[in-house]
Amino acid sequence: FFDLGKLEEAKTFFEKAVSLERDYAEANNNLGSVFKEFKNWESAEACFRQAIISNAKYPQAHFNLGTVLFELGRIEDAEASYKRALALEPNYPKAHINIAAIYSDRGALEMARDHLGQALSLDPTLAEARNNLGNVLVMLGRLKEAEASFRRAIELDRSEPAKLAGYHNNLGMLHLLRRDFKEGFRLVESRWGTEQSAGHELVSAKPKWTGEKGGIVFVWSEQGVGDVVMYASVIKDLKAVCSKVILRCDGRLKPLFERSFSGNITFISNKTMVPESSYDYHIAIGSLPLFFREDAESFQKGADAFLYADADRVDGLREKLKAGGGQTICGISWRGGDKKNSRLRSIELGRLADSLSDSNTKLVSLQYGSVDEEIAQLKSDFGIEVTSLPEIDNFSDLDGLAALICACDHVVSVDNTTVHLAGALGVDTAVLLPFSAEWRWGHNLAKSYWYNSLSLYRQKGSGDWSEPLKALQARAS
């Protein structure tokens with residue numbers, strides 16, 4: 001039943017087997033697998049643990065328990081389960097693949113590469129391992145080997161469309177990292193079919209826009225706020241070739257966008273439905289570069305400031321920040337958002353503030369989220385003060401955050417929404433990047449091609465902020 005996808009029948013069968021023999025390890029393991037398919041993680045965990053109680057030397061049960069614990073966010077427990085599975089069965093490719101994913105997320109790239117190598121030595125036809133190895137090699141900066149790995153994954157597995165789309169998408173991001181924009185943007189159009197798609201593709205009877213002149217084009221947002229700001233740098237190009245643009249975006253961006261773009265464009269909130277009768281074509285905002293950013297030179301069309309903060313609000317905030325002295329105002333942000341690699345992109349507030357703090361500099365928080373306790377602890381422990389303005393909610397009031405950014409003389413931030421806003425506003429900004437930075441920052445570049453006001457400071461080793469901070473201090477002096 002299970003192999004045929006008849007999960008309810010399989011559940012009934014395995015529950016009956018377990019009721020007849022509680023210590024039936026295989027039946028408990030199989031029942032746990034059914035619950036896992038239902039995403040009933042707690043019931044699945046209970047079944048796998050019972051299977052292990054019945055047979056402590058059952059590697060598959062330890063492995064399956066690890067997959068559930070991973071889904072529950074108990075990463076260290078998942079790692080322990082995978083290690084136990086490998087201790088019982090060293091020739092277990094899937095356990096090597098899964099533990100490699102944990103190491104990769106931690107930035108332990110050589111360990112991840114080693115486990116993926118072991119998986120492939122056991123089974124060279126594993127497309128998933130080839131793809132994951134490609135991702136690790138990209139993070140290690142070994143781009144030529146990464147491309148070969150992605151292409152081999154594509155050759156090996158053409159039977160599962162979602163996985164194949166993911167392999168093409170990864171290859172596309174590699175091309176973008178190398179600034180092969182034409183091929184990169186073509187390949188990342190496969191993102192909608194992937195298992196990790198960052199949104200849902202619009203279903204519409206109207207055709208996708210593919211470069212037609214004239215007509216009304218509905219542009220719909222995808223991915224995060226920072227991505228939408230970045231892709232908004234291409235809106236001016238689209239406006240020049242069509243009769244009208246309708247842009248649906250996060251409502252928090254609407255006031256800022258309405259002030260910054262004029263003419264044949266209308267902005268509506270993501271929560272508002274757009275009737276098909278109101279447009280001729282549609283396109284995802286992340287697909288616009290496919291038509292307007294074919295080479296590095298073309299990015300200059302949108303790399304200068306294209307967003308404009310509320311001038312009165314900027315003046316009021318700057319006057320407040322300047323009160324009591326003529327210090328340089330440095331806006332800072334130190335957390336890397338909510339993506340899975342946010343930990344690798346983040347830096348401790350104390351370390352960042354300590355490297356920037358001096359008598360001539362006032363540090364101002366541009367960090368969104370709950371930070372009051374962190375800021376108070378910094379002052380208590382080290383005597384370093386970071387100013388936080390309670391009238392600006394850096395998460396909910398993005399127009400206010402834009403004004404606060406413009407009230408600063410310069411900004412220092414990790415890779416998050418703040419740097420995209422700062423770049424789009426044309427504010428001088430130092431971006432602190434992890435060792436394995438995203439494709440949008442290029443490979444080993446010192447300046448951003450998306451935003452002319454952004455300078456890039458990169459880690460030289462995974463998790464090591466010493467070099468970028470040292471370079472930042474050298475710039476300040």
Side-chain angles (χ1 to χ4, degrees), residues 1-103 105 115-116 118-120 122-132 153 156-167 193-197 200 340:
F1 292 122
F2 184 82
D3 290 340
L4 294 172
K6 298 180 178 181
L7 298 180
E8 285 293 347
E9 291 91 335
K11 178 173 172 284
T12 300
F13 179 82
F14 294 132
E15 283 178 334
K16 180 66 174 176
V18 169
S19 70
L20 293 172
E21 187 178 343
R22 178 63 175 155
D23 292 331
Y24 190 172
E26 288 79 5
N28 277 291
N29 181 68
N30 291 340
L31 181 58
S33 297
V34 173
F35 282 126
K36 194 168 78 162
E37 289 298 310
F38 287 138
K39 300 190 186 303
N40 183 342
W41 308 120
E42 288 75 15
S43 295
E45 179 185 358
C47 289
F48 294 137
R49 289 197 183 280
Q50 182 57 46
I52 291 167
I53 290 170
S54 302
N55 180 4
K57 295 184 177 181
Y58 191 0
Q60 189 176 358
H62 286 283
F63 171 81
N64 286 336
L65 176 60
T67 64
V68 169
L69 293 171
F70 186 87
E71 292 292 343
L72 291 169
R74 292 153 59 184
I75 307 302
E76 290 183 0
D77 292 339
E79 180 185 357
S81 289
Y82 294 145
K83 284 181 175 178
R84 181 59 180 156
L86 285 169
L88 293 166
E89 177 50 80
N91 298 332
Y92 201 155
K94 286 188 176 181
H96 283 294
I97 290 172
N98 284 18
I99 203 167
I102 290 175
Y103 289 139
D105 288 347
H115 276 279
L116 290 167
Q118 290 182 64
L120 288 166
L122 294 167
D123 185 353
T125 67
L126 285 171
E128 182 184 6
R130 290 284 176 195
N131 174 71
N132 293 359
L156 287 169
D157 189 356
R158 298 181 178 275
S159 61
E160 296 188 57
K163 287 187 176 180
L164 185 60
Y167 305 157
T194 67
E195 294 173 314
Q196 291 83 32
S197 174
H200 298 286
K340 75 172 188 176

Student: What is the distance from atom CG of N28 to atom CG of N64, rounded to the nearest 0.5 Å?
Tutor: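 Nearest 0.5 Å value for the CG-CG distance: 12.0 Å.
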Student: CG/D105 to CD1/I75 distance, rounded to the nearest 0.5 angstrom?
Tutor: 7.5 Å
Student: Minimum heavy-atom separation for K163 to D157, with atom names?
Tutor: CD-OD2, 4.2 Å
Student: Testing the basics here: between A61 and A51, what is the closest heavy-atom pair and its distance to 0.1 Å?
Tutor: CB-CB, 4.0 Å
Student: Let's go through F13 and N30 carefully: what are the C-alpha distance in whole Å and the side-chain angles of both, what is the deciding distance for side chain to side chain contact (heavy atoms under 4.5 Å, CB included) to 0.1 Å, and is it a yes or a no?
Tutor: CA-CA 10 Å; F13 179 82; N30 291 340; over 6 Å; no
Student: Looking at P90, is its backbone amide N or carbonyl O close enough to the side chain of H96 to form a donor-acceptor pair, meaning the two atoms are under 3.5 Å apart?
Tutor: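 Present.
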Student: Just to verify, which of I97, L86, L120 counts as forming a side chain to side chain contact (heavy atoms under 4.5 Å, CB included) with H115?
Tutor: L86
Student: So which atom in A85 and which in F63 form the shortest heavy-atom distance, rounded to 0.1 Å?
Tutor: CB-N, 3.9 Å
Student: Rounded to the nearest 0.5 Å, what separation is found between the CD1 atom of I99 and the CG atom of L116?
Tutor: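 It is 11.0 Å, given to the nearest 0.5 Å.
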Student: With rounding to the nearest 0.5 Å, note down the distance linking CG in L65 to OH in Y82.
Tutor: 9.0 Å
Student: Locate the shortest heavy-atom distance separating A129 from A119; write the atom from each residue and the value.
Tutor: CB-CB, 4.5 Å
Student: Test E128 against Y167 for side chain to side chain contact (heavy atoms under 4.5 Å, CB included), laying out the working first.
Tutor: CA-CA 9 Å; E128 182 184 6; Y167 305 157; 4.1 Å; yes
Student: Testing the basics here: between A27 and A17, what is the closest heavy-atom pair and its distance to 0.1 Å?
Tutor: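 In this case the closest contact between A27 and A17 is CB-CB, 3.9 Å.
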Student: What's the separation between atom CD in E45 and atom CZ in R74, rounded to the nearest 0.5 Å?
Tutor: 4.0 Å
Student: For K94, does the NZ atom sit with more than 12 other heavy atoms under 6.0 Å from it, leaving out its own atoms?
Tutor: no
Student: Is a side-chain donor or acceptor of H62 paired with a backbone partner of A56 at a separation under 3.5 angstrom?
Tutor: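 A pair under 3.5 Å: yes.
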Student: Test: salt bridge (Lys or Arg N to Asp or Glu O under 4.0 Å). Region: residues 15-35. Which pairs qualify, not counting sequence neighbours?
Tutor: K11-E15
Student: Grab the two heavy atoms, one from G32 and one from A44, that are nearest each other, plus how far apart they are.
Tutor: O-CB, 3.5 Å
Student: Which pairs with one or both residues in residues 22-61 pass ring pair (Phe, Tyr, Trp, His ring centres under 6.0 Å), sequence neighbours excluded?
Tutor: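 Checked against ring pair (Phe, Tyr, Trp, His ring centres under 6.0 Å) - neighbours excluded - no pair reaches residues 22-61.
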Student: For the atom pair CG (L69) and CD (E76), what is the distance rounded to the nearest 0.5 Å?
Tutor: 12.0 Å
